[in-house]
Amino acid sequence: MEASDRDRELIAVMRQYFAMKAELESLKEQLEAAREAAGEATIGVFYDPRQNAEHAADLQRSHRLRGEMAWLMQRAEAWGRAASGTDEHDRSEGEPEPEEWQSFEKRADALFRA
């Protein structure tokens, strides 16, 4: 089976998404370790970039990553909806619906997890 340009675009988007997800997870681990080492009892103060100048850049980076990941997932979901509409049109009337759909993110995790 040969991948179309749209399929290759989806693959590129999902690779980018999972690279950002890995970076975010690493960043979260680093920030949590720093919070624990600092003995910060108030999580809200530590994770507020206005109140934590030492880690403000990392905190802002984590917020940007979340936003970019949300945007990438919206692109992937739009691709999935478009492909799903095509599949429904191609499916015969007597063919049963697919099994209950998992969320797109869970399916993407299973397909693209490295």
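Source: prediction; values computed, not measured.
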Compare every heavy atom of P49 with every heavy atom of A56, then report the nearest pair and how far apart it is.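 Minimum heavy-atom contact is CB-O, 3.6 Å.
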Smallest separation among heavy atoms of S62 and L27, with atom names: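 In terms of heavy atoms, the two residues are closest at N-CD2, 3.6 Å.
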Within this structure, what is the [atom1]-[atom2] distance for the pair [X] and [Y], rounded to the nearest 0.5 Å?
X   : Y   : atom1 : atom2 : value
R66 : M20 : CZ    : CE    : 13.5 Å
M14 : L72 : CE    : CG    : 8.5 Å
L31 : F46 : CG    : CZ    : 5.5 Å
R6  : W79 : CZ    : CH2   : 7.5 Å
T42 : Q51 : OG1   : CD    : 9.0 Å

Heavy atoms, side chains only, cut-off 4.5 Å: are N52 and Y47 in contact?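 With C-beta onward as the side chain, the pair stays apart.
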Heavy-atom side-chain contact between L24 and K28 under 4.5 Å: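 In contact.
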Below 4.0 angstrom, N of the basic side chain to O of the carboxylate: do E32 and R35 qualify?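 Salt bridge present between E32 and R35.
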Please, which pairs that meet salt bridge (charged side-chain N to carboxylate O under 4.0 Å, His left out) have at least one residue in residues 46-62, sequence neighbours excluded?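 For residues 46-62, and leaving out neighbouring residues, the salt bridge (charged side-chain N to carboxylate O under 4.0 Å, His left out) pairs sorted by first residue read E23-R61, D48-R50.
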Audit row: Q30, H55, side chain to side chain contact (heavy atoms under 4.5 Å, CB included) steps and yes/no: CA-CA 10 Å; Q30 292 170 14; H55 297 285; over 6 Å; no
